[in-house]
Amino acid sequence: MGALSGKVAIVTGATSGIGERIAEVFVEEGAKVVAAARREAEGAALAERLGLHFVRADLASEDDVKAVVAAAVDRFGRIDCLVNNAASPQPIVGVAESDMAVYDAVMAVNVRGVLAAMKHVAPVMVAQKSGSIVNIASIAGHRGGVSGHVYSASKGAVLALTRSVAMELGEHGVRVNSLSPGAIVTGIFAKGAGVEGAKADRLTGVVKELFAHLQPIPRAGLPEDIARAAVFLASDGASFVNGQDLVIDGGMIATTRGWSEMAKGRGELGARLRKAAEAL
C-alpha cells in the first residue's frame, strides 16, 4: 500500500512542472487525484495517462475553484488533501518599472487563488474532521534578491496565509502547511521570460544546466524533490505537523545574493531560453 492509499487529493496547476509531478507521485502512492489547470489539452492527456480526473479551471476565478472542489466531492465523496500549486510568474523588473496590471494578475492566482481554494475545501475537511492542505510557497517569500518583487510578495502572503489558516483549521483536525522550493527545474522560468507555455515546458534542460550551481548541493532541484515532500505532508505520517513551512532548496536560502546579481542571472537565463525556443 502507498502512503496515500485511499485518499482523495486535489492538485492545482497540475499540467506541468511541480504540479504534474505531484499528481504523478500522488497516483503512484495510491491517491485518487483531481487535477485542475487552465491547459485543457495537456489536462486531458494527463488524465488519460494517469487515470485521474481533470477539471479545466482558472485558479484566479473563485467560481472555477468552487467547481473543482464540487467535482471532487461529487466524484469521490470527500477530500483528504488539497495541494495549492498553481502560480503565475513575473518578469524581473525594478520597482520603478512595476506594472500594476502584472501585480493584479500575479496576486489573483498566487494569493487569491490559494485563499479561494482553502475557503471552499475547508467546510468539506472540517465536516470530516480531517484533511491536509499543502500550499506551495517559495524561498522568495523568505529572502530578498531571489525573484521579482511581486512574485516574492505573493509567496510571502502564501506563508502568512498558511500559518493563519492552520491555527483556525487545526482545531478541527485539518492541517495546513507549506513547501518552499528553491531553484527547481520547471517551465515557469521560460514563461516568465515570455516563452509560450507548451514551448516553455520543453526548455527545462537549459534551466537544469544553470541551476546546478546556485546552491551548496551541486545539482539542480527537481519537481520530484517537491513531490516527495508533498506526499509526506499529505500523509498520516505528518499527522502532528501543522502551520509549518518546509524549505526544499539544497541550502540556497542559507546563502546571500544581491538584487543586481540575481536580476543579471535571470536576464541571461531568459535570453538563453528565448533563443532555445526559437529553435523548437
Side-chain angles (χ1 to χ4, degrees), residues 12-19 36-39 56-68 83-120 135-165 178-184 186-201 203 207 245 253 257-274 277:
T12 71
T15 53
S16 64
I18 290 172
R38 290 182 299 179
R39 293 157 64 180
R56 195 272 173 194
D58 180 351
L59 278 300
S61 165
E62 185 177 2
D63 287 342
D64 281 12
V65 171
K66 186 177 180 180
V68 172
V83 180
N84 274 315
N85 168 74
S88 178
Q90 175 216 357
I92 304 298
V93 298
V95 66
E97 288 75 47
S98 296
D99 184 333
M100 302 315 293
V102 170
Y103 173 91
D104 290 340
V106 171
M107 289 294 182
V109 176
N110 296 12
V111 183
R112 192 174 186 273
V114 169
L115 177 58
M118 291 195 289
K119 169 186 174 179
H120 289 289
N135 296 323
I136 306 301
S138 170
I139 61 169
H142 291 270
R143 297 287 293 272
V146 174
S147 188
H149 302 313
V150 176
Y151 185 83
S152 298
S154 74
K155 293 304 185 176
V158 169
L159 291 170
L161 271 174
T162 297
R163 290 189 298 268
S164 187
V165 177
S178 59
L179 297 172
S180 283
I184 306 298
T186 72
I188 196 171
F189 298 98
K191 293 171 191 173
V195 178
E196 182 269 328
K199 279 190 176 183
D201 293 336
L203 297 173
V207 179
D245 179 67
I253 202 171
R257 292 193 302 163
W259 166 265
S260 296
E261 182 182 349
M262 181 279 296
K264 178 183 177 182
R266 289 288 288 274
E268 292 171 352
L269 172 60
R272 290 184 62 174
L273 287 167
R274 287 188 291 272

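The shown structure was predicted, so the numbers you read here are calculated from the model rather than taken from an experiment.
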Which atom names give the shortest non-hydrogen contact between [X] and [Y], and what distance separates them?
X	Y	value
S147	A140	CB-CB, 3.9 Å
A157	V111	CB-CG2, 3.8 Å
M107	A153	CE-CB, 3.8 Å
Y151	V106	CA-CG1, 4.4 Å
N110	A87	OD1-CA, 3.2 Å
V68	A57	CG2-CB, 3.6 Å

Which residues share a side-chain hydrogen bond (donor to acceptor under 3.5 Å, both in side chains) with [X], sequence neighbours left out:
X	value
S178	D245
S138	none
K119	E62

Would you call D64 and R56 a side-chain contact if the rule is heavy atoms closer than 4.5 Å?
yes
Please examine the side chains of S16 and R39, heavy atoms only from C-beta on, and report whether any two atoms are closer than 4.5 Å.
yes
Using 0.5 Å steps for rounding, measure from the [atom1] atom of [X] to the [atom2] atom of [Y].
X	Y	atom1	atom2	answer
L59	R112	CG	CZ	11.5 Å
D99	D104	CG	CG	9.0 Å
T162	M118	OG1	CE	6.0 Å
R38	T15	CZ	OG1	9.0 Å
K66	S61	NZ	OG	11.0 Å

Do [X] side-chain atoms and [Y] backbone N/O form a donor-acceptor pair below 3.5 Å?
X	Y	result
T186	I18	no
N135	N84	no
T12	N85	yes
S164	L161	no

Please determine, by modelled atom types, if S98 and H149 share a side-chain donor-acceptor pair under 3.5 angstrom.
no
Give the C-alpha distance, both sets of side-chain angles, the deciding distance and a yes or no for side-chain contact (heavy atoms from CB on, under 4.5 Å) between S154 and V114.
CA-CA 10 Å; S154 74; V114 169; over 6 Å; no
